[in-house]
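All figures in this text were calculated on a predicted structure; none of them were measured in a lab. All ligand and atom numbering here is 1-based and tracks the order in the structure.
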Amino acid sequence: MKKTLSIALAGNPNAGKTTMFNALTGARQSVGNYPGVTVEKREGYLHVNGRKINIVDLPGTYSLTAYSQEELVARDYLINERPQLVIDIIDANSLERNLYLAVQFMEMGIPMVLALNMMDEVRKSGKKIDTRKLSQLLGVPVVETVARSGEGKQALIEIALAEIREQEDGWRPLEISYGPDIDPVLQEMTALIQNAGFLTDTYPSRWLALKYLEGDVQIKSLGTSAGEIGSALEDMVQRVTEHCRVTLDSIPEAIIADYRYGYIASVTKQGVFIQRGHQERIHLSDKIDRILTHRFTGPLLMIGVLYGMFVATFTVGEIPMGWFEAFFTWLSEKTMEAIPPGLLQSLLVDGVIAGVGGVLGFVPLIMVMFLGIAFLEDSGYMARMAYMMDRVLRIFGLHGCSVMPFIVAGGIPGGCAVPGVMGARTLRSPKEKLATLLTVPFMPCGAKVPVFLLLGAAFFEESAATVLFWITIGSWATALVVAWVLRNTVIRGEATPFVMELPPYRLPTFKGLCIHTWERAWQYAKKAGTVILAISILIWSCMTFPTLPREQSQAFEMQRTAVLSRTPENPDAEIIRQIGNEILAIDNREAEAALRHSYAGRLGTAFESFTRLAGFDWRTNIALLGGFAAKEVIVSTLGTAYAMGDVAPDSSESLGNRLRRDPHWNRLTALSMIIFVMLYAPCFVTVVAMARESSWKWALFSVIYTTLTAFAVSTAVYQIGGRFFSP
Ligand code: GDP
Ligand code: MG
């Protein structure tokens, strides 16, 4: 014999539960009280195909947090009695408000069917609701009903039974993102609860963490009696509460509610209302959205905002960047004065200061960009951008939530792929997340920008902004096309409907902006202090050892002596300058010879025979190899390789001139290199981050396919270009 099924009716007060309950069960019902409380409990049953189904009319509630006795009773019933399914009766006249409870059922994970009740009134008011769309976006069956006349009750039960059959594998909680301030703590708390096994056989662990953040009295007291775990969780709540107070001038509970409503808003905005009724109350956020996410003005304004950020990043960021550069130039001069020439000086100046300084030099630029991003995010506009971009990104197998990772990674040039890769966490579908992870490194990150600026200035007369603009467009196009290819080959799969939290607009607080900017910038700076420092020293060693054999360096020494011996007794300024130049030229030739002799030089030379196809000689190879470690080192390595010797690292101008005069370099070589740098493997740190977000298999895949693509495209451009145009 099959066991008795039980279904609970839930919903806001006055949504029509009792009416539906009566329509379903008729006279087969009993009324009592829930144990220990005065809350009424109605139970009844009906027979379908000879099968008995228990129906319970739960007390009306607005939420599932233990604010009132009704809420507690409803929740405890679901948790303790574990009905197979909840029918959430919704007053379709105020769909958004009623969906708030539905979302909480979804977060609990209990199988659910939505009954859009009061459809008679909805039709009368002139509203039209696309139930199919609603169902598709929420991933939950939706049935239109009029409880008073019994319309739809048959369909409701049939669909409920079908859903029960489908959901036999248990509860599947929905995970909503609660934004950058709540999410990390939520994750931490969930892990803690999971590891401690705190109530995990009764509740989903993320749900428990959420209840803690919402200040749920019942769960908190259970935590307190469980001992240590309770106080650990309370400490975490206290910490994030303080953080939210400072950054957003709000409390976690309110932020969570905002994001839940945001989630609902993004569902209802997508054509769920075919026609809005007249009496709908319009909130300020909705009014703003009428312009900001309008079909035509929306995208235009978005492009304007992005372009504004682009310009601001470069004009404002350039000023403090100059100070940083000046500081590092000063530091290397002082170091050269303090330490005699030799290996130690070279290590400190060429290895440590040039390497770390090159990265830290970008911090101001990055900070300006992150400030802009923090503003977009805190104000709620970022979510709207994702919402608008979803339509475009969907075509390429990505998702609206991919926008943020792309932008952070350098979609507005100057970002960094590492936070971009980490930002892909908000994507719920593993395949869309993977496609985002694998294409995010195509963005022109802050470390690639100097390469583009150098080559752009040297070989293309257009302004730096124009060059960068086209490179940015090219990078986006590449990322999208590659995403499309990946999503149609190795990571094929369904697109998930775009449901993302659209929280109400709010004015960001100054402190909040500062903290969010700082958090990101600090991540970047930390990389300079740790990984880049280690890599700089490694690269320096590869470019220094083995040193030139004694007889060769003696030969250069003799050349210098020869020049110096020609110096007349009382040289005038002109002669001193000439001799200085000759000595410098010898120094540079020696540096070049030494580099060629080093491990890095040998490696670069070994690759030369086939990198020639793309126009790269051994020097470029060294720079590009260094770029595997960190893109920041490409320009500085080129500088050394092109015998720039001790010329200050900030004189990219003169390196540009040098390249232009070099017979090997021309526009085509420059273009080929720009393309290669645009496309080839993500830097080491990004690869590690990718492995952490997916797996080493995919991280290595990323390195290989990007590099092969880069080489193929560069070679094609160089070969075809060379045939048709004489550069
Ligand atoms: P509960 O609080 O959820 O149990 O709601 P009730 O079942 O007590 O219904 C609240 C009111 O809404 C009652 O006056 C019902 O007659 C009315 N009602 C319930 N369903 C419908 C419906 O589909 N259409 C209309 N017009 N009224 C309904
Ligand atoms: Mg009732």
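Counting the atoms of ligand 1 from 1 in the order shown, those under 4.0 Å from a heavy atom of T19 are 6 (P), 7 (O), 9 (O), 15 (C), 19 (C). Heavy-atom proximity to E121, at under 4.0 Å, picks out these atoms of ligand 1: 25 (C), 26 (N). Interface of T18 with ligand 1, defined as ligand atoms under 4.0 Å from a residue heavy atom, comprises 1 (P), 4 (O), 7 (O). Atom numbering of ligand 1 starts at 1 in the shown order; those under 4.0 Å from a heavy atom of N117 are 20 (N), 21 (C), 23 (O).
Geometric assessment of R82 against the ring of Y77 yields a negative cation-pi assignment under the 6.0 Å and 45° thresholds.
Residue M119 places no N or O, backbone or side chain, under 3.5 Å from any N or O of ligand 1. Residue contacts with ligand 1: P13 is placed with no nitrogen or oxygen under 3.5 Å of a nitrogen or oxygen of the ligand (distance criterion only). Residue V146 places no N or O, backbone or side chain, under 3.5 Å from any N or O of ligand 1. At least one N or O atom of A147, backbone or side chain, sits closer than 3.5 Å to an N or O atom of ligand 1. Here's the thing with T145: none of its N/O atoms is less than 3.5 angstrom from an N/O atom of ligand 1.
If you look at R148 next to ligand 1, the close heavy atoms, those under 4.0 Å, come from the backbone and the side chain alike. Here D120 has side-chain heavy atoms under 4.0 Å from ligand 1, and that is the only part of it that gets that close.
No heavy atom of G60 sits closer than 4.0 Å to any atom of ligand 1.
A salt bridge between R123 and E151 is present, with a side-chain N of the basic residue lying under 4.0 Å from a carboxylate O of the acidic one. Salt bridge status for K269 with D289: present, with a side-chain N to carboxylate O gap under 4.0 Å. Under a 4.0 Å N-O distance rule, the pair R260/E214 qualifies as a salt bridge.
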Q: Mind running side-chain hydrogen bond (donor to acceptor under 3.5 Å, both in side chains) on E71 and T61 for me, showing each step along the way?
A: CA-CA 6 Å; E71 281 155 347; T61 57; 5.6 Å; no

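Taking the six-membered ring where the residue is Trp, H294 and F296 present tilted rings, their angle falling between 30° and 60°.
Of the possible donor and acceptor atoms, one in the side chain of K17 sits under 3.5 Å from a partner among the backbone N and O of N12. The backbone N or O of R42 lies less than 3.5 Å from no partner atom in the side chain of D57, so there is not a single donor-acceptor pair.
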